[in-house]
Novice: 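This is the structure I want to talk about, given as structure tokens.
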Amino acid sequence: MTGITGCYLLGSFSRHKSHSFAMSQVRVRFAPSPTGFFHIGSARTALFNWLYARHTGGVFVLRIEDTDKERNSEAFLNVIYDSLTWMGMTWDEGPKVGGDYGPYRQSERNDVYQHYLKLLQDSGRAYEKDGAIWFKLLGERHEVFDEHRKKTVVKVKNTPAIIEDQIRGHVERTEDEDFVIVRSDGNPVFHFVNVVDDIAMKITHVIRGEDHLSNTSKHVELFKAFGAPVPTYAHIPLILKQNGPGKMSKRDQGALIEEYQRRGYLPEALVNFLCLLGWAPGDNREKMPIEEIIRLFDLPGVNQSNARFDEKKLAHMNMAYLLEKPADEFVRLAGDYFERSGAFAQNRPDESYFRDVMVLSQPKIKGLEELPGYTKYFFSDEYPVDPKAKDKIMGKGEPKVRLAELAEAVKSADFSSDAALEQMIQVLASTHGLSVGDYIHPGRLAVSGTNVGPSFYGLFRVLGRDRVLKRIERFLATA
RNA sequence: GCCCUCAUCGUCUAUCGGUUAGGACAGGAGAUUCUCAAUCUUCAAAGCGGGGUUCGAUUCCCCGUGGGGGCGCCA
């Protein structure tokens, strides 16, 4: 652990000077607390930290803020690791990977906190009250009745704490209150451990949600009390829930990263979408590779206003990424999704048949989660017939006659390509003086039970002659 | 109530004093067509209000209004 003496030397550098001094490497941290599932807002905070580290060639530290023993859990910890990894945000220092400034879980850093607490006590900046230890602010004290807490509190008017925020600009606050740094049960509190660890881990830039802006003056006072350099701050706007008032929380619809992972969203799509919530490259581009985003991302380019989460746009981004996947990768992704969602539970289809079905469906779906439903009839003969589609198609013309003609033609048709099948239908239609639609619509209904689906010729080709014939005959017999 | 903060189409955003205020999602219409998507064309859609500063304000300043956040021995 680094002693405080070293920090004191650096203490004379202001935030601005520290930017240029020693060409020090950027060190940012993402410091989640494992008190709930990992959500969109946390993910974006992590992302902006990660982007900035990658952009500057700096270090991305993962630190677990688990000082509240009542609320944190091991399960949530794994969700954090999984989600970060899934989104491609690898951390350079932190749990699992180690680093020179560990341990990286606050629950394991008590000796560090004790050391720093002693420094505060020795300099007269800490005192005991109600069994807890408080940080003592410097300045003029006066009592005031707080409407919110319904009690009289002591405000301390101090020399204004000035924050030069990379996103907000100049922010200052002239009044604060003494605050608890160690609970009466002996456990240190967020404000204290957060600052101590930022000092000990030599964090240069604190990038966090705007909900922390009001805390920052307290933190600045702590840095000053330790004689440590104040890090550069960047408070990013919050993500508001898509419906209703307030910021998004883990209880909101669509808030959990885990959910998108489960639903087969592409992580690159989610990441790209999240980057665009509060940041834009400035040239109207939206869908862009992460390498390009890393190259262009910078703190002053981040917006100041809150953004409302829009899952429709996310879905669109996901579709755009899915559409351009090479066949091999798409099939692999689809296979993974079928596996995870239990769609293979009943019967596992032949590998090349599965592949054909997926490749045929790729251009038609908006997300992997549509796939099992969209392709159901390919893998089972027991598919329902959509009554609406049936009414619509069987209600006009002579669909049964067309189906009989189609079945006859299928017996000798060339199933090797879509083009061959297309020609077969065209010949069939023209010999009877009809349009291809007169055969296609009943044909699709007969073999799939629905009026929506992939290309008709592809549908026949992939199903193959035997299935097509059997299904048409069965349909004719029962319809 | 106090403190901090923000403000361009419904939503995400571009504009760093001079633009017909641009793009994307969503919505409408059309094209294509074997359905549904995708795609292409196209329509509708915005500078919160009031004062300043300026030859000129969406852009800079102030006030108001509205939104968001904070005010825990949570993080």
Side-chain angles (χ1 to χ4, degrees), chain A residues 31-36 42 65-68 70-72 106 129-134 144-150 153 155 163 165 168-169 171-177 179-191 193-194 208-217 235 237-238 240 242 245-247 273 276-287 300 303-317 319-320 323 361-366 370 374 389 392-393 422 425 435-441 443-445 448 450-459:
Chain A
S33 111
T35 56
S42 304
E65 307 222 332
D66 54 355
T67 56
D68 186 346
E70 296 294 306
R71 305 203 320 166
N72 66 66
Q106 291 184 330
K129 192 180 100 185
D130 304 331
I133 301 172
W134 296 64
V144 62
F145 186 77
D146 186 303
E147 284 296 332
H148 180 75
R149 284 170 287 182
K150 304 288 178 209
V153 298
K155 297 270 187 191
I163 304 149
D165 194 282
R168 309 277 145 188
V171 178
E172 65 175 70
R173 193 185 178 89
T174 53
E175 245 181 20
D176 261 309
E177 291 167 34
F179 52 93
V180 171
I181 53 177
V182 180
R183 296 182 181 88
S184 47
D185 66 6
N187 287 311
V189 169
F190 166 71
H191 297 301
V193 295
N194 189 267
R208 47 161 46 155
E210 202 220 51
D211 49 347
H212 286 288
L213 191 54
S214 298
N215 293 324
T216 307
S217 53
H235 285 91
L238 301 180
L240 271 27
Q242 46 187 344
K247 63 171 175 175
F273 169 79
L276 264 20
L277 241 42
W279 178 84
D283 58 4
N284 283 343
R285 278 187 300 169
E286 295 202 326
K287 181 166 170 292
N303 280 185
Q304 303 175 82
S305 48
N306 294 340
R308 204 167 283 275
F309 181 76
D310 180 5
E311 65 179 350
K312 287 242 181 68
K313 188 149 185 171
L314 205 205
H316 178 268
M317 185 69 80
M319 182 200 66
L323 226 38
S361 306
Q362 182 180 9
K364 312 293 270 187
I365 53 139
K366 295 178 90 101
E370 288 180 3
Y374 191 79
K392 194 176 165 193
I393 291 163
E422 184 171 4
I425 300 284
S435 75
V436 291
D438 292 318
Y439 290 93
I440 284 175
H441 298 304
R444 178 190 298 281
L445 180 69
S448 71
T450 170
N451 60 344
V452 302
S455 143
F456 178 75
Y457 309 113
L459 171 66

Novice: Measure the distance from CZ on A:Arg308 to P on B:rG69 and round it to the nearest whole Å.
Specialist: 10 Å
Novice: Check the distance between B:rG69's P and A:Leu240's CG and give it to me in whole angstrom.
Specialist: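 After rounding, the reported distance stands at 7 Å.
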Novice: Within the 4.5 Å heavy-atom criterion, are A:Leu276 and A:Met317 side-chain neighbours or not?
Specialist: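 Sidechains of A:Met317 and A:Leu276: in contact.
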Novice: Any salt bridge linking A:Asp283 with A:Arg285? Criterion: basic side-chain nitrogen under 4.0 Å from a carboxylate oxygen.
Specialist: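 Counted as a salt bridge, because a side-chain N and a carboxylate O are separated by less than 4.0 Å.
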Novice: Among B:rG68, B:rC12, B:rC73, find the nucleotide with the atom closest to the side chain of A:Val189.
Specialist: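 For A:Val189, the side-chain atoms sit closest to B:rC73.
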Novice: Check every atom of B:rC73, B:rA75, B:rG68 against the side chain of A:Pro245 and return the nucleotide holding the closest atom.
Specialist: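 Comparing B:rC73, B:rA75, B:rG68 against the side chain of A:Pro245, the answer is B:rG68.
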Novice: Is A:Asp211 side chain donor-acceptor paired with the B:rG70 base, going by distance under 3.5 Å alone?
Specialist: no
Novice: Mind checking whether A:Val153 and A:Phe145 have side chains closer than 4.5 Å, heavy atoms only?
Specialist: no
Novice: Mind checking A:Gly443 for me? I need base, sugar-phosphate or nothing, with any heavy atom below 4.0 Å counting as a touch.
Specialist: nothing
Novice: Base, sugar-phosphate or nothing for A:Asp130? Non-hydrogen atoms, less than 4.0 Å.
Specialist: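 It contacts base atoms.
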Novice: Once you round it to whole Å, what is the distance between P of B:rC71 and NZ of A:Lys150?
Specialist: 16 Å
Novice: How many Å lie between CG on A:Leu238 and P on B:rC12, as a whole number?
Specialist: 13 Å
Novice: I'd like to compare against my own output: the B/S/- annotation of nucleotides 25-45 of chain B with a strict under-4.0 Å heavy-atom distance to protein.
Specialist: SS-------BBBBS-------
Novice: Flag the pair A:Lys155 / A:Asp176 as yes when at least one side-chain heavy-atom distance between them is below 4.5 Å, and no otherwise.
Specialist: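 With C-beta onward as the side chain, the pair stays apart.
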Novice: Hey, what are the protein-to-nucleotides 1-7 of chain B N/O distances that come in under 3.5 Å?
Specialist:
| unit_1 | atom_1 | unit_2 | atom_2 | d |
| --- | --- | --- | --- | --- |
| B:rC3 | O2' | A:Arg173 | NH1 | 3.1 |
| B:rU5 | O2' | A:Arg168 | NH1 | 3.1 |
| B:rU5 | O2' | A:Glu210 | OE2 | 2.8 |
| B:rC6 | OP1 | A:Gln304 | OE1 | 3.1 |

Novice: Do NZ/NE/NH1/NH2 and the carboxylate oxygens of A:Asp146 and A:Arg149 come within less than 4.0 Å?
Specialist: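 Yes, A:Asp146 and A:Arg149 are salt-bridged.
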Novice: NA contact type, A:Ala280, heavy-atom cut-off 4.0 Å: base, sugar-phosphate, or nothing?
Specialist: sugar-phosphate
Novice: Just name whichever nucleotide pairs with B:rU42, Watson-Crick or G-U, keeping both distances under 3.5 Å, else none.
Specialist: B:rG28
Novice: Indicate whether OP1 or OP2 belonging to B:rU13 is found under 4.0 Å from a side-chain N or O atom of A:Asn303.
Specialist: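 For B:rU13, OP1/OP2 do have a side-chain N/O of A:Asn303 under 4.0 Å.
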Novice: Under 4.0 Å between a side-chain nitrogen and a carboxylate oxygen: does that hold for A:Asp211 and A:Lys247?
Specialist: yes
Novice: Can you check whether A:Glu210 reaches A:Arg168 side chain to side chain, under 4.5 Å on heavy atoms?
Specialist: yes
Novice: Do the side chains of A:His441 and A:Arg444 get nearer than 4.5 Å, heavy atoms only?
Specialist: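 Counting from C-beta outward, A:Arg444 and A:His441 never come under 4.5 Å.
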